[in-house]
Trainee: 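A single structure is presented below for examination.
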Amino acid sequence: MLLIDVVRVSEAVTRTSARLGKIGHLAELLGRVGPDEAEIAISYLSGELPQRQVGVGWRTLEDLPQPKLAATATLTGVDALLSRIKAVSGPGSQSARKALVAELFAGLTSQEQQFIRRLLHGELRQGALDGVMIEAVAKASGAPSADVRRALTLRGWLPAVGAGALAGGVEALHAFRLEVGRAVSPMLAGSAPNVAAALEKAGAPAALEWKLDGVRVQAHRSGSEVRVFTRTLDDITPQVPEVVEALLEMPSADLVLDGEVLALRPDGRPHPFQVTASRVSSKLNVAQLREQTPLSVFFFDALRADGEDLLDLPYTRRQEALTGAVPHGLLTPRLITGDVAEAEKFFTDVVKAGHEGLVVKSLVSPYAAGRRGAGWIKVKPRHTLDLVVLAAEWGHGRREGKLSNLHLGARDPEGGFVMLGKTFKGLTDELLAWQTERFLELAEGPTDEWTVTLRPELVVEIAFDGVQRSPRYPGGMALRFARVLRYRPDKRVEDADTVETVRSLML
DNA sequence: TTCCGACAGTGGGGTCGCAAT
DNA sequence: ATTGCGACCCCACTATCGGAA
């Protein structure tokens, strides 16, 4: 199959707004793709590369050769070249990689170049990713989408599942099973503004578990072999020997556990997330680093224990298996209640202990991996500040032509403002239109291709999760997960919060 | 007919490893 | 030694479609 066939379908998908229409276009192509090309086609049309990443980003794609006029590139040819690009390493690799990228793009028409460029950026923007492709695979293979979804949960990679379904139908899908040592798509949580709302969503009584601010881990043990995976199914086993040792000390030799690693201080309170992230992502000198910053692991679910698959069992049954397999000290603190007051006290306690909040879990839901179902609901405290808009950046994609990303500043009592970060979240289309117009009236000072500097006159109420140390911003601090709540036309700039107020929140 | 769950899109800060400077 | 790039940890929110109620 030619690349252009896939590109044409992607363009049709982009033009179609109805999801069922998108599914139809995708399924049509899956119906005529060859068995050796199915994985590549499914991968491209769900917005990812079979290689996952190949070491090519926006900088490498800045200047590219002239496009060809005739579309002759094959899917397998492009895929093979991308694999070669990924394999490049060592001194001189940047120019070698660039040369291969040039070779790749010289063989593509401008239409194809656009497509591959967006794929490499991870921004296909055709309105269809895994969720839509699952339905397309179901339609093209004649299998129920629930079976496709289930196989994806267990296999963790849709192109393999889709190719299997196209070749072998429902039977092939049923052949995908939980394999110890191969990562399962993790179950994700939705969110609620407060504990009462979370209980309502999950159904009371529910289980309330501490939400620890670390890195999600899925730990597999088969005999003396242990593997640890992240939320995106990357293998981080060498970086977390503490988790490996914990698994090996457990009595059961056949385990798949879900949990969180984080760095705790000697007094038991958590380090800032940055400390945990630094430790977990360091691959060099792990032995030394663990002396200075040991990791702790806490498990909250069991997908397999003592040779039994548990994914389809309700929460309470999985918890029985978990508490039977894992030492008490490695269990995530938990309370089962339907009482709102009791739940709120538990929430207050966990926040006082320095942790992130709670995850409220339905007692009956199975391990529904890979989707943010109603089974798990997270609740975190929310801080707010009144800040001043210092500048704004032009948006991309559906925000093209709109000033979107706000630069936020706190008032400096000595005069002026201190930038604390940016945000684009929380804006409705109406607000985007309004602020674009208003910002252009306030434009003043340096303006480049992306950024418009403003007279500091607008006060905006910002919600955020916390203040963290920043090597980037002048005040040495930045807001974590900042989002717009509302503009405050009733407030003058002199009423905005000060740098001191922000600093007092950092601790 | 209305409601709501699931999805895609739009980007945020921080940190690491690696290659180039 | 420092800088730039790519990758990946953490992530919130809105618009939209289409099935459920």
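No hydrogens, no waters, no symmetry mates; every other heavy atom, side chains included, goes into these values. Numbers restart at 1 for each chain; the letters A, B, ... are given by sequence-line order, proteins then strands. Worth saying up front: this structure is predicted, and the values here are computed from it rather than measured.
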Trainee: Of the nucleotides C/dA12, B/dC16, B/dG14, which one has an atom closest to the side chain of A/Ser282?
Mentor: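 Within the option list, the nearest is B/dC16.
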Trainee: Both A/Arg19 and A/Arg382 contact DNA chain C. Which one's nearest nucleotide lies toward the 5' end?
Mentor: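 In this pair, the answer is A/Arg382.
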Trainee: From the options B/dC7, B/dG14, B/dT10, select the nucleotide whose nearest atom is closest to the side chain of A/Arg399.
Mentor: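 For A/Arg399, the side-chain atoms sit closest to B/dT10.
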Trainee: Nearest heavy atom decides the nucleotide; on that basis, is A/Gly90 or A/Leu420 closer to the 5' end of DNA chain B?
Mentor: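 Final value for this comparison: A/Leu420.
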Trainee: Could you work out which one of C/dG18, C/dC10, C/dC11 sits closest to the side chain of A/Lys378?
Mentor: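 Nearest to the side chain of A/Lys378 among the choices is C/dC11.
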Trainee: Step by step, work out the salt bridge (Lys or Arg N to Asp or Glu O under 4.0 Å) result for A/Asp429 and A/Arg398.
Mentor: CA-CA 10 Å; A/Asp429 287 358; A/Arg398 73 182 302 281; 3.3 Å; yes
Trainee: To the nearest Å, how far apart are A/Arg472 CZ and B/dG13 P?
Mentor: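 The answer, rounded to whole Å, is 5 Å.
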Trainee: In this structure, how many angstroms lie between the C1' atom of C/dC17 and the CG atom of A/Leu26, rounded?
Mentor: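 That distance rounds to 15 Å.
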Trainee: Picking from B/dT10, B/dC16, C/dC9, which would you name as closest to the side chain of A/Arg125?
Mentor: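 Selected nucleotide (nearest to the side chain): B/dT10.
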Trainee: What nucleotide among B/dT15, C/dG18, B/dT10 has an atom nearest to a side-chain atom of A/Ser278?
Mentor: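 So the side chain of A/Ser278 is nearest to B/dT15.
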Trainee: Answer yes or no: does a side-chain N or O of A/Gln274 lie under 4.0 Å from OP1 or OP2 of B/dT15?
Mentor: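 Answer is yes, contact under 4.0 Å.
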Trainee: Using a cut-off of strictly less than 4.0 Å, decide whether A/Ser470 has a side-chain nitrogen or oxygen near OP1 or OP2 of B/dG14.
Mentor: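 Yes, within the criterion.
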Trainee: Starting from C1' on C/dC11, measure out to CZ on A/Arg231 and report it in whole angstrom.
Mentor: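 Those two atoms, CZ and C1', are 8 Å apart.
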Trainee: Rounded to the Å, how far apart are A/Glu393 CD and B/dG11 C1'?
Mentor: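 Taking atom C1' of B/dG11 as the reference, CD of A/Glu393 is at 10 Å.
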Trainee: Side chain of A/Gln94: nearest nucleotide among B/dG17, B/dA20, C/dC11?
Mentor: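 For A/Gln94, the side-chain atoms sit closest to B/dA20.
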Trainee: Taking OP1 and OP2 of C/dA12, is either one under 4.0 Å from a side-chain nitrogen or oxygen of A/Lys380?
Mentor: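 Looking at the OP1 and OP2 atoms of C/dA12, one of them is under 4.0 Å from a side-chain N or O of A/Lys380.
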Trainee: Does one side chain, of A/Glu344 or A/Asn194, offer a donor that lies under 3.5 Å from an acceptor on the other?
Mentor: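 Side chains of A/Glu344 and A/Asn194: no pair found under 3.5 Å.
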Trainee: Please determine whether a side-chain nitrogen or oxygen atom of A/Arg483 lies at a distance below 4.0 Å from atom OP1 or OP2 of C/dC13.
Mentor: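 A/Arg483 to C/dC13 OP1/OP2: side-chain N or O found under 4.0 Å.
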Trainee: Check the distance between B/dT15's P and A/Arg469's CZ and give it to me in whole angstrom.
Mentor: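 Value for this atom pair: 11 Å.
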Trainee: With respect to the side chain of A/Leu129, which nucleotide from C/dG18, C/dA12, B/dA8 is positioned closest?
Mentor: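 For the A/Leu129 side chain, the nearest candidate turns out to be B/dA8.
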Trainee: Can you see which heavy atom on A/Arg279 is nearest to which on A/Gln239, and at what distance?
Mentor: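 Closest heavy-atom pair between A/Arg279 and A/Gln239: NH2-O, 3.1 Å.
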Trainee: Closest nucleotide of DNA chain C for A/Gly426 versus for A/Val54: which of these residues is on the 5' side?
Mentor: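 Residue closer to the 5' terminus by nearest nucleotide: A/Val54.
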Trainee: Which part of the nucleic acid, if any, lies within contact of A/Val484, taking any heavy atom under 4.0 Å across all strands shown: a base, the sugar-phosphate backbone alone, or nothing?
Mentor: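 Touches nothing.
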Trainee: Rounded off to whole Å, could you give me the CG-to-C1' distance for the A/Leu403 and B/dG11 pair?
Mentor: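 It is 15 Å, rounded to the nearest whole Å.
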Trainee: What contact category does A/Gly92 fall into here, base, sugar-phosphate, or nothing, at under 4.0 angstrom with non-hydrogen atoms?
Mentor: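 Answer is sugar-phosphate: A/Gly92 comes under 4.0 Å of backbone atoms only.
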Trainee: Just how far, in rounded Å, is P of B/dG11 from CG of A/Asp429?
Mentor: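 Rounding to the nearest Å, CG of A/Asp429 and P of B/dG11 are 13 Å apart.
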Trainee: Would you mind telling me which residue lines up with the more 5' stretch of DNA chain B, A/Ala128 or A/Ala277, judged by nearest nucleotide?
Mentor: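 Mapping each residue to its closest nucleotide by heavy atoms, the 5'-most match is A/Ala128.
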Trainee: Please verify the inter-ring angle class for A/His355 with A/Trp210; under 30° counts as parallel, over 60° as perpendicular, anything in between as tilted.
Mentor: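 Ring orientation of A/His355 relative to A/Trp210: tilted.
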Trainee: Any idea which of B/dG11, C/dC10, B/dG13 is nearest the A/Asn405 side chain?
Mentor: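 Side chain of A/Asn405 sits closest to B/dG11.
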Trainee: Are any of A/Ser281's side-chain N or O atoms less than 4.0 Å away from OP1 or OP2 of B/dG17?
Mentor: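 No, no such contact exists.
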Trainee: Measure from the side-chain heavy atoms of A/His396 and tell me the nearest of B/dA8, B/dG11, C/dA12.
Mentor: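 Given the options B/dA8, B/dG11, C/dA12, the side chain of A/His396 is closest to B/dG11.
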Trainee: Using distance alone, with no hydrogens and no angle criterion, decide if A/Thr16 and A/His25 have a side-chain donor and acceptor under 3.5 Å apart.
Mentor: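 A donor-acceptor contact under 3.5 Å links the two side chains.
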Trainee: Across the strands shown, which category fits A/Gln468 at heavy-atom distances under 4.0 angstrom: base, sugar-phosphate, nothing?
Mentor: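 Sugar-phosphate contact only - A/Gln468 comes under 4.0 Å of backbone atoms but never of a base.
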Trainee: Establish, with yes or no, whether the OP1 or OP2 oxygen of C/dA12 is under 4.0 angstrom from a side-chain nitrogen or oxygen of A/Thr423.
Mentor: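 No, because none of the side-chain N or O atoms of A/Thr423 sits under 4.0 Å from OP1 or OP2 of C/dA12.
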Trainee: Give the rounded distance in Å between these two atoms: NZ of A/Lys22 and C1' of B/dC7.
Mentor: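 To the nearest whole Å, that distance equals 11 Å.
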Trainee: Could you check whether A/Val132 gets within reach of a base, just the sugar-phosphate, or nothing at all, counting any heavy atom under 4.0 Å?
Mentor: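 The residue A/Val132 makes sugar-phosphate contact but no base contact.
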Trainee: Base, sugar-phosphate, or nothing for A/Ala478, non-hydrogen atoms under 4.0 angstrom?
Mentor: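 Sugar-phosphate contact only.
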Trainee: Is there a side-chain contact between A/Lys283 and the phosphate of C/dA7, meaning an N or O under 4.0 Å from OP1 or OP2?
Mentor: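 For C/dA7, OP1/OP2 do not have a side-chain N/O of A/Lys283 under 4.0 Å.
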Trainee: Among A/Val502, A/Val467, A/Val499, A/Ile462, exactly one meets side chain to side chain contact (heavy atoms under 4.5 Å, CB included) together with A/Leu420. Which residue is that?
Mentor: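 Testing each of A/Val502, A/Val467, A/Val499, A/Ile462 against A/Leu420, the sole residue satisfying side chain to side chain contact (heavy atoms under 4.5 Å, CB included) is A/Val502.
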Trainee: Could you please name the partner base of B/dA20, counting Watson-Crick and G-U wobble pairs only when both distances are under 3.5 Å?
Mentor: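 With both distances under 3.5 Å, B/dA20 matches C/dT2.
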Trainee: When you check the phosphate oxygens OP1 and OP2 of C/dC9, does a side-chain N or O of A/Thr230 lie under 4.0 Å from one of them?
Mentor: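 Answer yes for this pair, as a side-chain N or O of A/Thr230 is under 4.0 Å from OP1 or OP2.
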Trainee: Please classify the nucleic acid contact of A/Asp234 as base, sugar-phosphate, or nothing, using heavy-atom distances under 4.0 Å.
Mentor: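 Sugar-phosphate, backbone atoms only, no base.
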Trainee: Would you say C/dT16 has OP1 or OP2 under 4.0 Å from some side-chain N or O of A/Ser17?
Mentor: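 For C/dT16, neither OP1 nor OP2 has a side-chain N or O of A/Ser17 closer than 4.0 Å.
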Trainee: Among C/dC10, C/dC17, C/dA7, which nucleotide sits nearest the side chain of A/Gln53?
Mentor: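 Out of C/dC10, C/dC17, C/dA7, the nucleotide with an atom closest to A/Gln53's side chain is C/dA7.
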Trainee: Going by salt bridge (charged side-chain N to carboxylate O under 4.0 Å, His left out), A/Asp465 matches just one of A/Lys378, A/Arg382, A/Arg483. Which one?
Mentor: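 For A/Asp465, the salt bridge (charged side-chain N to carboxylate O under 4.0 Å, His left out) check succeeds only for A/Arg483.
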Trainee: Taking atom types as modelled, is there a side-chain donor on A/Thr501 or A/Thr498 under 3.5 Å from an acceptor on the other?
Mentor: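 Yes, a side-chain donor-acceptor pair sits under 3.5 Å.
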